[in-house]
Amino acid sequence: MSSSTISLYLDPQIRDWVLFPITVVMILVGVLRHYIVTLLQTPPKKLTRAAIREQRAVLRSQVLRATAAKSPIPPHIYHAISLHLDDAFAAGKYLKDGPLKPGEAPPAAPNILSDPNAMDGMMAGMKAQMVMMVPQMVIMGWINFFFQGFVLIKLPFPLTLGFKSMLQRGIETPDMDVRWVSSLSWYFLNFFGLNGLYRLILGSDNSASQSSQEMVSPFAGAVQQGQPGQPMDYHKIFSAERDNLQFAEGLYNWLGDDVETRVLRKYGKLPSPSSESS
């Protein structure tokens, strides 16, 4: 009898005492991990009024530039706002530390390692990393100790031999059908495949569904957590915004320009340009 005709039958107790427990434990650990990370997160520190004013000035300039090509602001108002922002950025009026004194050089770029807000964000990311990694190490050890070499389930669709190493980890059987899944491979399938279930249960912005990204880079979460607190050099940002505002001046186009003619043509009171040319 050829090996391709050999059938493998699983004890139903493997389904009840191995397959289901591994899946349920991983779901519950993911939910618990989400709530632990939520508890460990510290509320962001409130910005001072000067810091908020500094950020809003840049945002105001960006919005003004983004609408320059089809601006609802009349020309005299647009140019007045653009000129005011250009002068304020040149004088450092919106800097939280105040404008530079005559002859004073801009300060050096801030160092992220010396900024307490950035360090707090990195520490919060490291705490979240520990909560992510420790439970996964415990679950993997639990599966390797109690269920090593178990075959749990057979996938209902055909696969190529390239999936054999991914689906049958811990089982050295070259003749086994590639559709059979070992206990360790079932752990990894759940590890990467439960993100959709976590988003359904906990919402899209949850800490449980980040596990696949954390596994790729152990310090990715710390970097992402630290990004909002990274110091920004507003001297360079204001200088760049001045150049962008001057460039946007050449792109400015008022939506209200010749609006009377366009409205009359829309409602048929005036002939369209194509009919006039013909």
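Just so we're clear, the structure is a prediction, and the values are computed from it rather than from any experiment. This chain uses plain numbering: 1 for the first residue, then up along the sequence.
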Show me the donor-acceptor pairs, under 3.5 Å and distance only, between side chains in residues 142-165 and residues at least two apart or in other chains.
unit_1, atom_1, unit_2, atom_2, d
Asn144, ND2, Met140, O, 3.3
Lys164, NZ, Gln168, OE1, 2.7
Lys164, NZ, Thr173, O, 3.1
Lys164, NZ, Met176, O, 2.8

Mind checking whether Asn206 and Val31 have side chains closer than 4.5 Å, heavy atoms only? no
CE/Met130: more than 12 non-hydrogen atoms of other groups inside 6.0 Å: no
Residues which pass ring pair (Phe, Tyr, Trp, His ring centres under 6.0 Å) with Phe89, listed by chain and number, not counting sequence neighbours: Phe238
Any non-hydrogen side-chain atom of Val58 less than 4.5 Å from a side-chain atom of Glu54? no
Heavy atoms only: give me the nearest Met166-Ser185 pair and the separation to one decimal. O-OG, 2.9 Å
Does any part of the side chain of Leu64, heavy atoms only, come nearer than 4.5 Å to the side chain of Ser82, both counted from C-beta? yes
Run the side-chain contact (heavy atoms from CB on, under 4.5 Å) check on Val259 and Leu255 step by step: do they pass? CA-CA 7 Å; Val259 66; Leu255 284 177; over 6 Å; no
Using the rule that Ile, Leu, Val, Met, Phe, Trp and Tyr join whenever any side-chain heavy atoms are under 4.5 Å apart, tell me whether Trp17 and Phe20 fall into a single cluster. no
Step-by-step side-chain contact (heavy atoms from CB on, under 4.5 Å) determination, Leu202 to Tyr35: CA-CA 10 Å; Leu202 304 172; Tyr35 288 109; 4.0 Å; yes
Same cluster or not: are Leu194 and Phe192 linked, directly or through other Ile, Leu, Val, Met, Phe, Trp or Tyr residues, by side-chain heavy atoms under 4.5 angstrom apart? yes
May I have all residue pairs that pass ring-ring contact (aromatic ring centres under 6.0 Å, His included) and include part of residues 62-83, sequence neighbours excluded? Tyr78-Tyr252, His79-Tyr252
Step-by-step side-chain contact (heavy atoms from CB on, under 4.5 Å) determination, Leu10 to Arg15: CA-CA 8 Å; Leu10 296 181; Arg15 175 197 61 197; over 6 Å; no
Side chain to side chain contact (heavy atoms under 4.5 Å, CB included) partners of Tyr267, counting only residues at least two apart: Val263
Check the pair Ser239 / His235 against side-chain contact (heavy atoms from CB on, under 4.5 Å), numbers first and verdict last. CA-CA 6 Å; Ser239 178; His235 293 273; over 6 Å; no
Close side-chain approach of Gln136 and Tyr187, heavy atoms under 4.5 Å: yes
Could you check if a side-chain atom of Glu241 sits within less than 4.5 angstrom of a side-chain atom of Gln62, using non-hydrogen atoms only? yes
Could I get the full list of side-chain hydrogen bond (donor to acceptor under 3.5 Å, both in side chains) partners for Thr23, not counting sequence neighbours? Trp186
Got Leu95 and Tyr234 here, is their nearest side-chain heavy-atom distance under 4.5 Å? yes
Do the side chains of Asp87 and Leu83 get nearer than 4.5 Å, heavy atoms only? yes
Once side-chain hydrogen bond (donor to acceptor under 3.5 Å, both in side chains) is applied, do any residues pair with Asp11, and if so which ones, sequence neighbours excluded? none
Quick check: do Gln55 and Leu47 have side-chain heavy atoms less than 4.5 Å from each other? yes
If you look at every heavy atom in Ser182 and Ile171, which pair is closest and at what distance? CB-CD1, 3.3 Å
